[in-house]
Amino acid sequence: MRSIFGFGKAEEVPASPGTSEKVADSPKPADSPHAADPGMPPIFDCPPVTDPSTLQEIKPLSDDEKKVFDRIKAEVPELIKDLPPVDPEALQFIDPEMPLDIEGWLTDECIARYVRARKGVYEDTKKALRKTIEWRASTRPHAIRPDVVEIESQTGKAYFNGFDKFSRPVIYMYNHRENTKGADNQIRWIIYILENCIRHMAPGVEKVTLAIDATSWGFSNSVSIGTAKKFLDVLGNHYPERLGRAVIFQPPRFFVGFYNLVSPFIDPVTKAKVAFVNPSAAPSAQGQTQDSNSSSPWIAVEDCFDRELLEKDCYGNWAFQYNHTAYWTAIEAEFAQLKSSLLAKQTQN
């Protein structure tokens, strides 16, 4: 699915201040650690965060929200009681041997995200958490088998690879590489990617960044509004507070029109996380990032990414070329490691 992940209700967005054509590729330093290699594996592990100030600050809970947090945390044993069995339909998509580990998922940070997402309303927070707990128990999103979603990855239309300048996992989306039409499996693949990103977040990181190449976007390869709404429902209900930025590179004018068409379906908070990029624009003045609080939808590449760690197809200098064999080898190894780890944890308990 090539979704414009996280649009919000807002005013009309102006057209790009720059050209709609791709800019010339930036020269590649001869000694760059990211030389072109068709078989290059993806980067799943975040480099050590040596400067915590580079992390995007997570909004602290207010005093009232802390009270709700404490109430919810005290009720965790009740929240995880009487969980539903795996849905029969979901069984065909998951590894049934993969342990559930709701306790490991329901961390303090997780509870805090739901408190913030539900505006500190106790009943809403408790209901939302229970809903997701039941969803995870019945669908097992962390246990989706790689072979089920492999077809969605074959062309490299959407995948996790590397991190932005705030150490957030980056999900690349190339709509022109679309190769399937089934919405359910497209959404299943995005859920798989999200779960993978979350497992590889550095301490202090809770959100992902989307790098969306809209240069070749067209109505023939755009996601339907119905599919987008279905995915956004899953995102809003079960992955709240997980979107850091949705960065859309070089959107053509009619893409901006489509953005304005779908934006009424999305809440304003999420809309504020959407940014458009004109790759030829200069970085923000004096090195200040517009990543969190910019009132403009247009930012520079450097406001969110280190160009040396951004794929060339998204106007960076990293000459990464998607290779399905190399990528899928990494995916299968990561899934096997997850299963082994959860089984070992289950045995210890």
Side-chain angles (χ1 to χ4, degrees), residues 1-5 16-47 152-179 190 193 196-197 200 208-218 221 244-252 255 274-284 289-291 298-331:
M1 174 179 177
R2 311 80 49 217
S3 173
I4 34 181
F5 174 93
S16 168
T19 176
S20 62
E21 298 298 322
K22 280 208 172 188
V23 296
D25 293 330
S26 301
K28 192 69 188 162
D31 59 349
S32 169
H34 298 297
D37 180 0
M40 183 186 296
I43 294 177
F44 288 164
D45 295 323
C46 183
E152 305 296 339
S153 174
Q154 286 179 344
T155 59
K157 65 187 178 187
Y159 55 90
F160 160 38
N161 186 25
F163 300 82
D164 71 4
K165 67 185 295 182
F166 305 103
S167 297
R168 297 178 298 210
V170 176
I171 300 174
Y172 289 92
M173 292 183 169
Y174 299 101
N175 70 293
H176 60 282
R177 299 178 184 174
E178 181 56 79
N179 65 322
I190 295 298
I193 295 172
N196 193 5
C197 287
H200 291 273
V208 301
T209 289
L210 303 185
I212 305 169
D213 177 21
T215 309
S216 301
W217 187 91
N221 57 22
R245 266 301 202 189
V247 182
I248 304 169
F249 289 80
Q250 203 75 323
F255 181 95
V274 175
F276 293 170
V277 165
N278 172 5
S280 61
S284 301
T289 179
Q290 296 178 9
D291 187 74
W298 292 96
I299 66 172
V301 172
E302 289 80 3
D303 291 328
C304 192
F305 302 95
D306 177 346
R307 281 191 189 256
E308 294 301 313
L309 303 177
L310 179 68
E311 289 187 9
K312 203 169 186 179
D313 285 343
C314 272
Y315 304 94
N317 292 338
W318 182 13
F320 179 91
Q321 297 177 16
Y322 183 83
N323 178 283
H324 179 67
T325 299
Y327 193 86
W328 213 247
T329 297
I331 283 287

**Q** Where do Ile190 and Met173 land on the side-chain contact (heavy atoms from CB on, under 4.5 Å) test, with the steps shown first?
**A** CA-CA 10 Å; Ile190 295 298; Met173 292 183 169; 3.9 Å; yes
**Q** Determine the minimum heavy-atom distance between Val301 and Val277, stating which atoms define it.
**A** CG2-CG1, 3.6 Å
**Q** List for me each residue that meets side chain to side chain donor-acceptor pair (under 3.5 Å) alongside Asn179, sequence neighbours excluded, and say none if there are none.
**A** Lys157
**Q** Would you say the side chain of Glu302 lies within less than 4.5 Å of the side chain of Arg307, judging by non-hydrogen atoms?
**A** yes
**Q** Which is it for Ile171 and Cys197 under the side-chain contact (heavy atoms from CB on, under 4.5 Å) test, yes or no, and what are the steps along the way?
**A** CA-CA 8 Å; Ile171 300 174; Cys197 287; 3.7 Å; yes
**Q** Could you tell me which residues satisfy ring pair (Phe, Tyr, Trp, His ring centres under 6.0 Å) with Phe160, sequence neighbours excluded, listed by chain and number?
**A** Phe44, Phe163
**Q** Any salt bridge between Asp303 and Arg245, counting N to O under 4.0 Å?
**A** no
**Q** Test of understanding: with side chain to side chain donor-acceptor pair (under 3.5 Å), list the residues that count as partners of Ser167, not counting sequence neighbours.
**A** none
**Q** In chain order, what residues pass the side chain to side chain donor-acceptor pair (under 3.5 Å) check against Tyr327, with sequence neighbours excluded?
**A** none
**Q** Among Tyr322, Tyr159, Trp328, which residue meets the side-chain hydrogen bond (donor to acceptor under 3.5 Å, both in side chains) test with Ser153?
**A** Tyr322
**Q** Not counting sequence neighbours, which residues clear side-chain contact (heavy atoms from CB on, under 4.5 Å) with Asp45? List them please.
**A** His200
**Q** How are the rings of Tyr174 and Tyr172 set relative to one another: parallel (under 30°), tilted (30 to 60°) or perpendicular (over 60°)?
**A** parallel
**Q** Evaluate Asp313 against Arg177 for side-chain contact (heavy atoms from CB on, under 4.5 Å), listing each step before the verdict.
**A** CA-CA 12 Å; Asp313 285 343; Arg177 299 178 184 174; 2.8 Å; yes
**Q** Apply the test side-chain contact (heavy atoms from CB on, under 4.5 Å) to residues Trp318 and Leu310: give CA-CA distance (whole Å), side-chain angles for both, the deciding distance (0.1 Å), then the verdict.
**A** CA-CA 5 Å; Trp318 182 13; Leu310 179 68; 5.8 Å; no
